[in-house]
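Nothing fancy with the numbering, it's 1 onward along the sequence.
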Amino acid sequence: MTLPAERARSGAAALRGEFERLFLAEYARVVRIAYRVLGERDAAEDVAQEVFLAFHRQHPADAPFAPAWLHRAAAHTALNDVRSRKRRDVREAAAGVAADPDPEAAALEHERAREVRAALARLPEASAELLALRYSGLSYAEVAAASGVKADQVGTRLRRAQDAFRREMIR
C-alpha cells in the first residue's frame with residue numbers, strides 16, 4: 001500500500017514529466033513566434049521562458065489547449081515587449097540618452113526591423129497577433145486555435161491584417 005506522501009511525490013513527478021514533454025514539444029515554436037515579432041533571439045527566448053512560466057503557474061501541463069495558449073501568449077507577450085520598448089525609447093530620447101552607433105549595414109537592418117515592429121505596434125492587437133502567429137510558421141488551423149478565430153475566417157482576417165500592415169508601413 002502506498003502512503004499519501006509517496007503518492008503525492010509520484011503525482012508531482014508525473015506532472016513535471018508532462019510539463020517537460022510540453023516544453024520540449026513547443027519551445028522552439030514559441031521562440032520562433034516571439035522572434036518574428038522581436039527580431040532578437042535573446043529577447044525571444046526571454047519571452048518563451050516568461051510564457052512557459054506563466055502557463056506552468058496557471059494551467060496543468062496536460063491541458064488540451066496548451067499549444068494554442070502558448071502560441072497566443074508568445075505573440076501577445078512579444079507584442080507587449082515591442083510596445084514597452086517603444087515607450088522606453090521615447091523616454092530615453094526625451095532624456096537625451098544616445099544609442100551606440102552601429103556600422104551602416106547593421107543600422108539599416110535595425111531601422112527596417114524597428115519600422116516593422118512599430119507598424120505591428122500600431123495595428124489592432126488582434127491583427128498584429130494573427131500576423132505574428134502566421135509568419136512564425138503556424139498553419140491556418142494552428143492560428144485559428146491560438147487566436148480563437150474560426151479556421152474558415154483565418155485567411156480573410158490575415159489578408160485584412162496584411163493590408164493594414166502595408167498601410168502602416170507606408171505611413
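Take Asp46 and apply the side chain to side chain donor-acceptor pair (under 3.5 Å) test, not counting sequence neighbours, and it matches no residue. Applying the side chain to side chain donor-acceptor pair (under 3.5 Å) criterion to Ser84, with sequence neighbours excluded, gives no partner residue. Applying the side chain to side chain donor-acceptor pair (under 3.5 Å) rule to Arg117 yields no partners; only residues at least two apart in sequence or on another chain are considered.
You'll find the side chain of Leu22 reaches within 4.5 Å of the side chain of Leu70, heavy atoms only. Inter-residue side-chain proximity for Asp81 and Val37 is flagged as unmet; no heavy-atom pair is nearer than 4.5 Å.
Atom CD of Glu125 is separated from atom CG of Leu120 by 12.0 Å, given to the nearest 0.5 angstrom. For the atom pair CG (Leu130) and OH (Tyr135), the distance works out to 11.0 Å, reported to the nearest 0.5 Å. Arg134 CZ to Ile33 CD1: the interatomic distance, rounded to the nearest 0.5 Å, is 12.0 Å. Taking CD of Glu129 as the reference point, atom CZ of Arg72 lies at 4.5 Å (rounded to 0.5 Å). Between Asp62 atom CG and Arg21 atom CZ the span is 9.5 Å, to the nearest 0.5 Å.
Here ring pair (Phe, Tyr, Trp, His ring centres under 6.0 Å) pairs that include residues 21-55, with residues two or more places apart or in two chains, are Phe23-Tyr27, Phe23-Phe52, Phe55-His59, Phe55-Trp69. Listed by first then second residue, pairs satisfying salt bridge (charged side-chain N to carboxylate O under 4.0 Å, His left out) with a partner in residues 158-167 read Asp163-Arg166, not counting sequence neighbours.
Counting non-hydrogen atoms of other residues, nucleotides and ligands closer than 6.0 Å to CZ of Phe165 gives a total above 12. Summarising the local packing, CD of Glu111 is surrounded by more than 12 heavy atoms from other residues, nucleotides or ligands at distances under 6.0 Å.
Pairing each heavy atom of Val31 with each of Ala48, the nearest pair is CG2-CB, 3.6 Å. Counting all heavy atoms, side chain and backbone alike, Ala121 lies closest to Val82 at CB-CG1, 4.1 Å. Nearest approach of Ala74 to Val47, heavy atoms of both residues: O-CG1, 3.9 Å.
Side-chain atoms of Ser136 come within 3.5 Å of backbone N or O of Ala132 as a donor-acceptor pair. Remark: the backbone N or O of Pro67 is paired with a side-chain donor or acceptor of His71 at under 3.5 angstrom. Side chain of Arg41 to main chain of Glu45: no donor-acceptor pair is present (N/O by atom type, distance under 3.5 Å, no hydrogens or angles).
A salt bridge does not link Arg171 to Glu115: none of the charged side-chain nitrogens sits closer than 4.0 Å to a carboxylate oxygen. A salt bridge links Glu142 with Arg29: at least one charged nitrogen is closer than 4.0 Å to a carboxylate oxygen.
Residue Phe19 is grouped with residue Leu24 when hydrophobic side chains (ILVMFWY) are merged at heavy-atom distances under 4.5 angstrom, including chains of intermediate members. When hydrophobic clusters are built by joining Ile, Leu, Val, Met, Phe, Trp and Tyr residues whose side-chain heavy atoms come closer than 4.5 Å, directly or via intermediates, Leu138 is grouped together with Phe65.
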Residues 143-157, side-chain donor-acceptor partners within the protein, below 3.5 Å, at least two apart:
from	atom 1	to	atom 2	distance (Å)
Ser147	OG	Val143	O	2.7
Gln153	OE1	Arg157	NH2	3.3

